Amino acid sequence: MKKIALHWQILIALVLSVPLGLFFGADGIVDFTGVFNFMGSLFLNALKMIVVPLIISAIITGVSNIKSEKGFARMGGKTILYYLSTSFLAILTGLVLVNLFTPGIIDGVPAKDVLALAPLTADQLESISGKGTSEVYAIFLRMVPPNIFKAASEGQMLGLITFSLVFGFFIRKLNENYKTVQLNFWNGIYDVMLGITHLVMRIAPFGVLGLVALTVSETGFDSIMPLLKFALIVVVALLFHVFVSTSFILYSIGKVKPVVFLKIMSRALLTAFSTSSSSATLPETIEGVTRAGVPKKVSSFVLPLGATINMDGTALYECVAAMFIAQAYGLEISFGMQLVVVLVALLTSIGVAGVPSASLVAIVIILKAIGLPDTALGLILVVDRPLDMLRTAVNVWSDSCGAAVIAATESDS
Ligand code: ASP
């Protein structure tokens, strides 16, 4: 019998998970939520288990293999430029659509009452905070962790990235003896981690089934209806960013056909979709772009950084959500205020962690910046999860395109 390709298996699991979640949730015919939870958690645990050693070994081997210091600075510059400009493009797309279609205004009146604004409880607020600080100076502080083991155990990626970059950089300065030992050691670890990644991916269909069925059983569809216009605008803006903006960049600079690339990256994108975590998806993102032909020295530098600081989908969502809430409250939104929203969305998208619902904390910061009460966040909580799945896939897509684009411009060096 012909084996079904893994991305199809994941897609089938995704489709099956919807009826399963609806019929076998807590209020369903039989309650299977415990089983869904087990399947999903096992998969997530396995992914998270790989992330720390994979990131460290990927960056160290990547950086230590870069030939010259000039090459290092050049690639870093290009990466940051790509990340900032695509995030900015994403925010602009969201901003234009949310201004055009004003989802927060229903029949000419601010939607606050129609949507029966659900205030947040203190518990909810507390669970949202702590998903990542986004004040600018805090980002810099996290880049230099006082204890790398603590950073690793807490999944504090930015600190690990800095340490690994510096570590890799100084391996290049060792004498030949030491250097060979170090390079062999880290290259070996990196290969082992890729091997484990392949193994974990084999259980991806089960994990996806569990994660999505659980989400469907918890969220259902009814509660989503009143927020449909907002959700639709987010979806359209995200799709525009994927199929127009980033695809154009990928095709024109990266010389890669977007459809072909999409197919290669489908596993990683489906995993991002079902885990809602770009950090947990990182192993598959690396594996995907490697299959697409991106050399290790590029992918191991661009992707771990991207999974942490480049979040186009998140930036776009933050902007649309904040504008939507402001509209729903009937706030007069001046140009200056929109500028604040854009800037804070850009900065916070860099600061938030690649974990589920991390955007929520950033939206609180934006709401505060434009003077709205953060309890307004309650408005969008209902649709947050499905939109989180989609924006995480967009985050991973943009990181992957970045790797392909930078690889194309680095091929001559
Ligand atoms: N879940 C997103 C990610 O991991 C972050 C967010 O937008 O909440 O990329």
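Computation of the quantities below employed the complete heavy-atom set of this structure, encompassing side-chain atoms and omitting hydrogens, waters and symmetry-equivalent molecules. For ligands, and for the atoms within them, numbers begin at 1 and follow the listed sequence. Model, not experiment: these values are computed from the prediction.
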Contacts of Thr285 that satisfy side-chain hydrogen bond (donor to acceptor under 3.5 Å, both in side chains) - sequence neighbours left out: none
With sequence neighbours excluded, residues passing side-chain contact (heavy atoms from CB on, under 4.5 Å) with Val256: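 For Val256 the side-chain contact (heavy atoms from CB on, under 4.5 Å) partners, ignoring immediate neighbours, are Leu250, Phe261, Ala404.
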Protein residue, atom and distance nearest to atom 6 (C) of ligand 1, heavy-atom basis: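 It is Ser359 OG, 3.2 Å.
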For atom 3 (C) of ligand 1, the protein heavy atom that lies nearest, with its residue and separation: Ser278 OG, 3.2 Å
If the cut-off is 4.0 Å to any non-hydrogen atom of [X], which atoms of ligand 1 fall inside it?
| X | answer |
| --- | --- |
| Gly354 | 3 (C), 4 (O) |
| Ser357 | 8 (O) |
| Ser277 | 4 (O) |

Plane angle bin for Trp186 and Phe167 - parallel if under 30°, tilted between 30 and 60°, otherwise perpendicular: perpendicular
Nitrogen or oxygen atoms of Thr392 and ligand 1 under 3.5 Å apart: yes
Heteroatom distance test (Met311, ligand 1): nitrogen or oxygen, under 3.5 angstrom: no
Minimum-distance pair of heavy atoms, taken over all atoms of Leu346 and Phe88: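 Where Leu346 meets Phe88 most closely, the heavy atoms are CD1-N, 4.0 Å.
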Check: Asp399/Ser278 side-chain N/O donor and acceptor closer than 3.5 Å: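 There is no such pair (donor and acceptor under 3.5 Å, judged by atom type) between the side chains of Asp399 and Ser278.
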Check: Glu318/Ser349 side-chain N/O donor and acceptor closer than 3.5 Å: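 No.
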Short N-O contact, Asp191 and Lys296, less than 4.0 angstrom: no
Of the listed options Asp399, Asp388, Asn310, closest to atom 1 (N) of ligand 1 (non-hydrogen atoms):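 Looking at heavy atoms only, the winner is Asp388.
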Ligand 1 contact on Val355 by region, counting heavy-atom pairs under 4.0 Å: backbone
